[in-house]
Amino acid sequence: MKNKKFDFKDYIRQRFFPHIWCPGCGHGIVLSSLLRAVHELGLNKNEIVITSGIGCSSRISGYVDFHSLHTIHGRALSFATGVKLSKPDLKAIVPMGDGDALAIGGNHFIHAARRNIDITAIVMNNRIYGMTGGQFSPLSGCGKQATTAPYSTIDREFDVVDLAKSAGATFVARSTVFHANECKDIIKKGINHKGFSVVEILTQCPTYYGRKNKEGDAVQMMENYKTNTVKIGSKKLEKNPGLIQRGIFVEKNDVPEYCEAYDRIIETAMKGQA
Amino acid sequence: MKNNNIRFIQGNEACVEGAIYAGIDFFAGYPITPSTEILEHLAARLPQKGGKFIQMEDEIASMGAIIGASLTGKKVMTATSGPGFSLKQEALGYACMAEIPCVIANVQRGGPSTGNPTHVSQGDVNQARWGTHGDHSIIALTASNHQDVFKITVDAFNMAETYRTPVVLLLDETIGHMREKLVIPEPGELPVVERLRTSVKGGVDYHPYLPRDDGRLPMSDFGGEHRYNVTGLFHDMWGFPNNNPNVVGGLLRHLVDKIENNVNDICMYKEYWLDDAEYILISYGSSARSAIHLAKNRRARGIKIGVLELQTLWPFPTEMIREKCAGAKAVIVVEMNMGQVVTQVKNAVDNPNSVFLANKISGELISPEDIKSLLRMIQGKGV
Ligand code: SF4
């Protein structure tokens with residue numbers, strides 16, 4: 001569909017709309033960036049399997065017109081590993097919320113990265129559990145308000161990029177829903193990358209995180225993504241090291257991809273048989 | 001001439017051979033005693049035939065991976081024991097709800113918790129039935145010797161495909177680790193059921209979750225022409241989440257009926273000397289070996305005793321048991337737990353007061369002597 005102008009209707013299941021997201025939720029922008037990325041890559045819809053867990057973000061899988069697998073909380077990467085290893089021709093995309101990916105799903109996250117299996121993991125980081133009504137997540141960080149932290153959080157947060165890097169992901173990037181085009185470009189690169197790709201996208205949950213933490217409405221929260229983030233290595237970091245960096249942090253092409261490595265195991269095992 | 005089809009192997013290997021015969025393509029697992037040999041042997045065997053093996057980071061991930069692989073059209077299996085079986089339960093329920101064909105071998109050890117890892121138990125019979133939350137139905141099979149382990153493994157794959165359901169293979173430590181002879185059947189000797197795929201052409205609306213009149217749902221592989229949604233939520237015929245009361249009630253009923261309405265086809269058992277039996281031993285798995293041994297021995301002394309060996313534990317063969325036990329003076333259920341099958345048998349027979357439990361829960365295999373003591377008491381002969 002590459003030569004055709006992008007029309008989101010070509011990629012969604014209209015029957016299943018309207019979506020469940022609140023007005024102002026950032027997840028719709030992630031969806032749109034993802035669909036544009038797929039369009040620009042010219043992928044055939046039949047070759048994409050989108051696998052998700054549980055949470056507001058995970059509903060993405062049902063809305064898109066790909067093969068879609070809406071699984072259980074935290075385990076999407078393990079299901080996707082089965083899909084990908086059993087049929088490596090498929091493109092595996094796994095959108096996850098921050099709690100889904102890194103609390104209950106943390107083990108699968110680091111092991112998928114370690115294996116370097118060709119899956120694109122999109123961590124939609126809104127720093128809160130939205131679907132269950134505003135509990136803090138392992139990405140909330142200290143001093144935040146949440147229904148389960150009425151006196152403020154004392155839990156430190158993960159840095160998704162650092163975690164993915166040290167677990168061995170061979171493509172690691174970050175963007176925000178304010179930077180929808182950059183987001184799309186990074187997702188494209190993530191999908192094209194042969195190996196485990198982690199794309200963290202900062203996205204707002206105005207309903208719970210925003211309201212509890214007095215960060216304003218959706219527009220204000222998006223505005224913050226503009227002012228609080230910079231491109232990797234920006235000069236602004238010298239004055240203000242607290243700014244969040246965006247861009248591609250890791251892109252390694254010299255690590256064997258898991259399914260390809262397994263193909264060589266098959267060759268060896270079959271030789272032994274002959 | 002050397003016959004390569006005759007082996008002297010462990011029960012866990014017999015299970016592997018059965019899986020290969022049934023056409024397994026994909027296995028995901030995690031090491032745990034006493035099922036590890038299944039994992040080890042498939043690590044070697046699967047790539048030899050172009051299949052895929054993966055050792056996952058935990059039991060939960062193994063269950064997730066086989067479900068994912070099943071959806072691309074593969075025949076899949078995982079294997080575990082006690083604690084690992086507990087960990088798999090959530091994803092097992094997902095496979096029930098989303099109707100994913102898969103086989104889960106649980107080589108039982110003593111529990112609860114870490115329990116008695118290297119010793120035998122049959123304590124997971126009820127967990128196989130009710131381990132995952134919510135109403136559902138399930139198929140669970142078991143066997144008492146390696147030839148039968150092979151066969152029920154093939155049956156498990158066949159039933160998983162036929163009924164689009166997870167099938168649990170309830171082996172036990174004794175069967176899993178014991179070595180005995182296995183004759184591998186020739187190809188074609190045992191039936192092998194392949195996946196039922198939809199004949200709906202690409203571009204035509206395919207309803208992945210609309211059962212045919214016979215209750216079966218033809219599948220379409222991920223990567224194929226039909227793109228549809230799979231979810232653990234209650235869903236409509238497109239697989240899309242739906243909590244309309246009619247959809248919810250209808251789906252739950254379908255999930256239960258597709259199995260419970262086929263009890264007769266799923267029900268497998270063996271019988272020994274039942275025709276004139278006044279005393280019937282009902283048993284399964286390794287404890288059935290002791291039951292058969294004792295019955296043979298007592299028969300030689302003129303006692304009218306027989307054995308009903310269950311191979312299908314779930315759905316429970318209530319009707320069959322009622323019929324077989326109708327003429328018996330006493331029924332003794334021989335099992336290695338606190339009485340998980342005996343409860344079902346009491347529910348099944350006309351006279352529950354005639355049903356007794358001969359059990360052993362110490363991690364040792366129940367012996368013919370153990371059963372004999374109870375039999376003598378029932379006969380009024382004293383111990
Ligand atoms: S609760 Fe938050 S994350 Fe969930 S849909 Fe609403 S705004 Fe989005």
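Only heavy atoms go into these numbers, but all of them, side chains included; no hydrogens, no water, no symmetry mates. A quick note: this is a predicted structure, and the numbers were derived from the prediction, not measured.
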* Does a side-chain heavy-atom distance below 4.5 Å link R115(A) with M56(B)? -> yes
* State, with a plain yes or no, whether a side-chain heavy atom of N229(B) is found less than 4.5 Å away from one of F16(A). => no
* Tell me the residues of residues 16-33 of chain B whose non-hydrogen atoms fall below 4.5 Å from those of chain A, in number order. => F26(B)
* For chain B, which of R75(A), R13(A), E47(A) has the most heavy-atom pairs under 4.5 Å? -> R13(A)
* Any idea which of A112(A), S61(A), S52(A), G82(A) has the most non-hydrogen atom pairs under 4.5 angstrom with chain B? -> G82(A)
* By a 4.5 Å heavy-atom criterion (distance strictly below it), what part of A98(B) contacts chain A: side chain, backbone, both, or neither? -> neither
* Which atoms of K74(B) approach chain A - backbone, side chain, both or neither, heavy atom under 4.5 Å -> side chain
* Before accepting this row, confirm whether a basic side-chain N of the pair R15(A)/D236(B) lies closer than 4.0 Å to the acidic partner's carboxylate O. => no
* Point-to-point distance, once rounded to the nearest 0.5 Å, from CD of Q48(B) to CD1 of I266(A) -> 11.0 Å
* To do: Would you give the length of the straight line joining atom OG1 of T231(B) to atom CD1 of I72(A), rounded to the nearest 0.5 angstrom?
  => 11.0 Å
* To do: Please say which of L69(A), T71(A), V49(A) ends up in a side-chain contact (heavy atoms from CB on, under 4.5 Å) with V230(B).
  => L69(A)
* Asked: Would you call the rings of H67(A) and F222(B) parallel, tilted or perpendicular if under 30° counts as parallel and over 60° as perpendicular?
  -> tilted
